[in-house]
Amino acid sequence: MDIQWWHWLVLGLILAVAELLTAGGFYILFFGIGAMVVGLLASVDAAGPLWMQMLLFSGVSLAALAMFRGRLLKAFQHDPQAPLVDSLVGEIGVATEDLLPGAIGKVELRGSAWSARNRSSAAVPRGSRCRVVRVEGLMLLVEPEGVVS
């Protein structure tokens, strides 16, 4: 079997596009880079026979993955462990039912109904606005708007 240099480049481009189409977390991209490096080396007859090309592909891909994936994640995901719902803190929702102090009920926020706990000592009447002060899992901790915590 004879693999031409341009086969490696096409494989690298396919893998790079696959990374863009998936939410894989920057794994496939480095194998695409490895394939492109081998393709470029093979185009100038510096990659050697097929077994050497496969070894180069594996080595370059894994080395690039080990060296650059963490940096790439930091650049695109400021805190990969932080859930996206934390951005709800400070948002204003509308109580869809009366929320007595410490009680759990429903709050509408961004077009969705959320479970919410009133963490203030004042009630949140149905239809009134409340501010999200904390997120615990899928539970919003809210206070009536205008209450200073």
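Hydrogens, waters and symmetry mates play no part in the numbers below; they use all other heavy atoms, side chains included. What you see is a predicted model, and the numbers here were worked out from it, not measured in a lab. We're numbering straight along the sequence, starting at 1.
Within the model, atoms CG of L88 and CG of L138 stand 10.0 Å from one another, a figure rounded to the nearest 0.5 Å. The distance from the CZ atom of F31 to the CG atom of L15 is 9.0 Å, given to the nearest 0.5 Å. A distance of 9.5 Å separates CZ in R119 from CD in E136, rounded to the nearest 0.5 Å. We find the OG-CZ distance between S87 and R110 to be 4.5 Å, quoted to the nearest 0.5 Å.
Within a 6.0 Å sphere centred on CE of M139, other residues, nucleotides and ligands contribute more than 12 heavy atoms. Within 6.0 Å of the CZ atom in R134, the count of heavy atoms belonging to other residues, nucleotides or ligands does not exceed 12.
Across A123 and P144, no two heavy atoms sit closer than the pair O-CG, 3.9 Å. Here the shortest heavy-atom pairing between Y27 and L65 reads CD2-CD1, 3.8 Å. Contact record, F26 with L72: CD2-CD2, 3.4 Å, taken as the closest heavy-atom pair. Closest approach of V60 to G34, counting heavy atoms only: CG1-CA, 3.8 Å. A pairwise comparison of heavy atoms in I28 and E19 identifies N-OE1, 2.8 Å as the closest pair.
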side-chain contact (heavy atoms from CB on, under 4.5 Å) assessment of R129 paired with V124: CA-CA 8 Å; R129 294 165 46 111; V124 179; over 6 Å; no
L140 vs V135, side-chain contact (heavy atoms from CB on, under 4.5 Å): CA-CA, chis, key distance, verdict: CA-CA 5 Å; L140 303 179; V135 179; 3.9 Å; yes
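No continuous path of ILVMFWY side-chain contacts below 4.5 Å connects V37 to W6, so the two sit in separate hydrophobic clusters. I92 and V142 fall into different hydrophobic clusters, where Ile, Leu, Val, Met, Phe, Trp and Tyr are joined by side-chain heavy atoms under 4.5 Å apart, directly or via other members. M36 and L62 fall into different hydrophobic clusters, defined by Ile, Leu, Val, Met, Phe, Trp and Tyr side-chain heavy atoms under 4.5 Å apart, directly or through other members. Hydrophobic clustering places M52 together with I3 (ILVMFWY residues linked when any side-chain heavy atoms are closer than 4.5 Å, directly or through intermediates). Both V38 and M67 belong to a single network of hydrophobic side chains, linked directly or stepwise wherever heavy atoms of I, L, V, M, F, W or Y lie under 4.5 Å apart.
Residues K106 and E108 are not paired through a salt bridge, judged by the lack of any N-O separation under 4.0 Å between the basic side chain and the carboxylate. Salt bridge status for R131 with E91: absent, with no side-chain N to carboxylate O gap under 4.0 Å.
In this structure, the side chain of S128 engages the main chain of P125 through a donor-acceptor pair within 3.5 Å. Without hydrogens or angle criteria, N118 side chain to A103 main chain gives no donor-acceptor distance under 3.5 Å.
The shortest side-chain heavy-atom distance between P101 and S120 does not fall under the 4.5 Å cut-off. Contact annotation: the side chain of L41 approaches that of L56 to within less than 4.5 Å [non-hydrogen atoms, C-beta and beyond]. Taking the side chain as every heavy atom from C-beta outward, V132 and V107 never approach each other to under 4.5 Å.
Aromatic ring orientation, W8 versus F57: tilted (interplanar angle from 30° to 60°).
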